[in-house]
Structure formats: C-alpha cells, structure tokens
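See below for the structure under consideration.
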Amino acid sequence: MNMNKSNPFKICDNTEQIKIKYLQEEQFQEQMAHTAEPYLKKYRRCGRFASFDGTQVFYCMYVRAHAKGSIVISHGFSEFEEKYHEVIYYFLQAGYSVFFLEHRGHGRSQRTLSNMEKVYVESFAQYVRDLRIFIKKIVKPFQNEMILFAHSMGGAIGALYLERYSHDFKKAVLSAPMIQMNVSGLPYPAAMAIARICARCGFGKAYAAGQHGFSKKPNFERSSCLSMERYLYAHRMRLWKKRCRTSGATYAWVRAAANAAVSLQAEQNIKKIRIPVLLCAAGRDHMVDTDAICKFAGKLKNARLVWFSDAKHEIFNGKEPARLQFFEEIFSFLQETIIQS
C-alpha cells in the first residue's frame, strides 16, 4: 500500500543496482559469527557522550570511506546495538556509514533506576534531546547527508525528532513506528488514564500492569519475530550481557509514551515533516496500533506506506519473503533522487 499526498517532490529512479549478501535462516548463527560479525568489527568504534543532563549515552559508529550517506538508527523498546548487527551489515554493504545510540535506560547507556531490567523515562523529550546531541556531536562532523532509520519506540522518538528538526535528515525510514501503543485488556484511553494516575501517585518507577523482568527462558511464540534463528541470536546476547536485559515498562514510561503519542498525532506537528518518509507496517503487529500508523502516513506531505501483511512487529526479523521485501523497499527508497519542485 503506497500513500502520497500533496507531494512537493519529484522522484527520479536511480538505476544503480545494490548487491547485498543476505543472510539465510538456515545456519544464521554461523553466518553471523563467521561472515557478518568479522565484517562489522572492521568498522565498529564505540564511545559515550554526556547528554544535556549529564546522562552518559553509549553509541557505536561504523564509518566507511566515501560513504553515500550516514544512517542514524533509533532502536525500539528494550533493544540494544547487537540486535541490529544484521541490519547494520546490510547498510554497510550498500555503501552507507551507520551511527547507533542506545537510548538512555537501555543497553550500556546510563540508567535512572538500579533495576536494569526496568524501562524508565520521564518524557520522550529526553530521548529526543539525547538524539539531537548525538547527531550534532558525533554524526554531523562527518559531513554526509543523514538518513534516519527508526523502529517501534525508536520510531516514535524519530518522528518526534522530525517534527522538531526535520531538515537535519534527507530521508527517513520508520519501521513499525510506535505512533500509538497497542494495549490489550482495556480500551486505550482507560489504560493510559490508569498509567497517569499510578505515576502521579508515586508508582512511576514500578512495573506497569502486565510488565515484568527478563526471563532467561526463550519464548519465541510470544515474541515479535517470525525468524527463530534471529530471535535466538538476540536472546543469547541478552543472556551474555546483563545490560541488554531491559524488559518491562514502568508506569512513568507508559505515561511518557502516551504523552508522546498525543504530540506525534497533532496535525500542526505532522505538517512540519516535509522530507520523504518511508513507513513500514506489519499486518500481524500486536505491539503498536497500525491504524495510527496509517492515519499518520496519510497526513504527511511526502509519505510512502508499505504494508507487510504476513509480518509481526519486527519486520526485519520476519520470514524470508517479507524480510527481503523490507530491505529491497528501503534500498529502492534510498536510491531515489529527490528534486525539490
């Protein structure tokens, strides 16, 4: 499903073919260990920067000589850099440099709470400010055109960023963006009201209803993946690295996500995004509200919405047909020449 509304751009196809060595489901672990990870290691450099409030934010960068551009990755809820190794591997093969920060409270970035498995933030504006500093301090000095790749919670952060600083990026890819959470058991307004009340009454640092800590036992069936091998790869990383075990949302995080959703969906804010945006939505998504994604895409000035009917939330960790289509859509979008009319 494609959507373009009041498009102020002319699109010219670039016929250059990008040849990517995609990893197969069979023997995925071996391919990662013997092919992808050694390739990534040649480029990988990591560090930390102090954000606006002194929070230490961890990042990795993979810098190619003569890169086509710089891709900035904004990851999803409870995620971490290693989970995106395959995605980064493909972007590098395609000729791009890649910059990845672990959002505050995730991975090796500093936490507010001593329990490293809880996800806590006071406002999504904190995530946005971290990303802004990361881009200004770490990414922009390389003087490449910047492209945003943002997934799920990171998609909400990325969209909020675009509503404030749209011209920092040439293009953006939003993968199953959390324009609004999907909740079960209660109507969305009721669930958000409860979260706000609990946070206001001093329970902001407690797990929200239905949320819990990390389990060492794999549970593929309840995951957002359809690729068993990719799910197990990320799960093993969590087993090896305690700081990658973020798992459950606190009431404060849910309240912050609800407030972010209101700001994200305000028409006066959406109108500020004028760069080309590729949105990818999954037909079997149980994590985010896909109707909200469709409405958001319809209000953008220059958006293409691609629907993956047989995919769960993590399209890039789906079955091979959807997974390959996902990356081909992205690379086709990145190759298009945009001419302002």
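Sequence positions, counted from 1, serve as the residue numbers for this chain. Quantities reported herein were computed from a predicted structural model and do not represent experimental measurements.
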Problem - Close side-chain approach of L239 to K216, heavy-atom, < 4.5 Å - result: yes

Practice task
May I have the step-by-step check of side-chain contact (heavy atoms from CB on, under 4.5 Å) for S223 and H235, ending in yes or no?
Solution key: CA-CA 11 Å; S223 77; H235 186 76; over 6 Å; no

Exercise for the section: For residues Y251 and F203, establish whether the separation of their ring centroids is below 6.0 Å. Expected result: no

Exercise for the section: Could you tell me if the ring centre of Y84 sits under 6.0 Å from that of F316? Expected result: yes

Problem - Electrostatic pair E25-R230, nearest N-O below 4.0 angstrom - result: yes

Exercise for the section: Determine whether H85 and L40 make a side-chain contact, defined as any pair of heavy atoms from C-beta on separated by less than 4.5 Å. Expected result: yes

Practice task
Tell me yes or no: between the side chains of N269 and R164, is some donor less than 3.5 Å from an acceptor?
Solution key: no

Handout entry: Side chain proximity check, L174 to F149, heavy atoms < 4.5 angstrom
Key = no

Handout entry: Derivation of the side-chain contact (heavy atoms from CB on, under 4.5 Å) call for Q265 and Q180
Key = CA-CA 9 Å; Q265 296 175 82; Q180 184 171 295; 3.2 Å; yes

Practice task
Please step through side-chain contact (heavy atoms from CB on, under 4.5 Å) for the pair S263 and L160, ending with a clear verdict.
Solution key: CA-CA 8 Å; S263 179; L160 287 167; 3.9 Å; yes

Exercise for the section: Please examine the side chains of K170 and I275, heavy atoms only from C-beta on, and report whether any two atoms are closer than 4.5 Å. Expected result: no

Exercise for the section: Could you label the plane-to-plane angle of the F91 and F331 rings as parallel, tilted or perpendicular, counting under 30° as parallel and over 60° as perpendicular? Expected result: perpendicular

Problem - Atom pair CZ/CE of F77 and M178 - distance to nearest 0.5 Å - result: 9.0 Å

Practice task
Provide the closest heavy-atom pair for R243 versus R111 in the form atom of the first, atom of the second, distance.
Solution key: O-NH2, 2.9 Å

Problem - Short N-O contact, D53 and R104, less than 4.0 angstrom - result: yes

Exercise for the section: Would you tell me whether S78 and H106 have side-chain atoms, one donor and one acceptor, within less than 3.5 Å of each other? Expected result: no

Problem - Under-4.0 Å salt bridge between K312 and D285 - result: no

Exercise for the section: Please work out whether the ring planes of Y59 and F134 are parallel, tilted or perpendicular, with thresholds of 30° and 60°. Expected result: tilted

Completion exercise
Heavy-atom nearest pair, Q126 first then V121, reads OE1-CG2, 3.1 Å

Exercise for the section: Consider only side-chain heavy atoms of I, L, V, M, F, W and Y, link residues closer than 4.5 Å, and tell whether L113 and F80 are in one cluster. Expected result: no

Problem - Between D130 and S51: side-chain donor-acceptor atoms closer than 3.5 Å - result: yes

Completion exercise
Sequence neighbours excluded, the answer for salt bridge (Lys or Arg N to Asp or Glu O under 4.0 Å) partners of E81 is R44

Handout entry: Validation row, ring centre Y62 to ring centre F99 under 6.0 Å
Key = no

Problem - Exercise: do Q31 and Y22 side chains pair donor with acceptor under 3.5 Å - result: no

Problem - Residue pair F296 / L279, side-chain heavy-atom distance below 4.5 Å - result: yes

Handout entry: Min side-chain heavy-atom separation Y120-E122 under 4.5 Å
Key = yes

Exercise for the section: Describe, in one word, how the ring planes of Y233 and F28 are oriented to each other, choosing from parallel (under 30°), tilted (30 to 60°) and perpendicular (over 60°). Expected result: perpendicular

Exercise for the section: Please name the residue in the list K241, R108, K83 that meets the salt bridge (charged side-chain N to carboxylate O under 4.0 Å, His left out) test with E102. Expected result: R108

Exercise for the section: Tell me yes or no: between the side chains of H103 and S74, is some donor less than 3.5 Å from an acceptor? Expected result: yes

Handout entry: cation_pi(R48, F58) dist<6.0 Å, angle<=45
Key = no

Exercise for the section: Look up atom NE2 in H313 and atom CG in N182, then write down how far apart they are to the nearest 0.5 Å. Expected result: 10.0 Å

Exercise for the section: Might you point out which heavy atoms bring T250 and G204 nearest each other, and give the distance in Å? Expected result: CB-O, 3.2 Å

Handout entry: Ionic contact status for K140 with E145, cut-off 4.0 Å
Key = no

Practice task
Any chance you could lay out the side-chain contact (heavy atoms from CB on, under 4.5 Å) test for E163 and Q268, step after step, and finish with the verdict?
Solution key: CA-CA 9 Å; E163 290 179 352; Q268 67 269 26; over 6 Å; no

Handout entry: Any F308 side-chain heavy atom under 4.5 Å of V306 side chain
Key = yes

Practice task
Assess the pair Y89 and Y39: is the distance between their ring centroids shorter than 6.0 Å?
Solution key: yes

Handout entry: Close side-chain approach of V173 and L148, heavy atoms under 4.5 Å
Key = no

Exercise for the section: Please check if the distance between the ring centroids of H75 and H151 is under 6.0 Å. Expected result: no

Exercise for the section: Start with the C-alpha gap between E267 and K295, add the side-chain angles, then the distance that decides, and say whether salt bridge (Lys or Arg N to Asp or Glu O under 4.0 Å) holds. Expected result: CA-CA 11 Å; E267 289 198 32; K295 291 175 183 176; over 6 Å; no

Exercise for the section: Hey, could you give me the CD1/CH2 distance between I315 and W307, rounded to the nearest 0.5 Å? Expected result: 9.5 Å

Exercise for the section: Kindly check if the number of other-residue, nucleotide or ligand heavy atoms within 6.0 Å of CD (Q143) is above 12? Expected result: no

Completion exercise
When rounded to the nearest 0.5 Å, the distance separating CZ of F49 from NZ of K137 is 7.5 Å

Handout entry: Salt-bridge contact R132-D168 (side-chain N to carboxylate O under 4.0 Å)
Key = yes

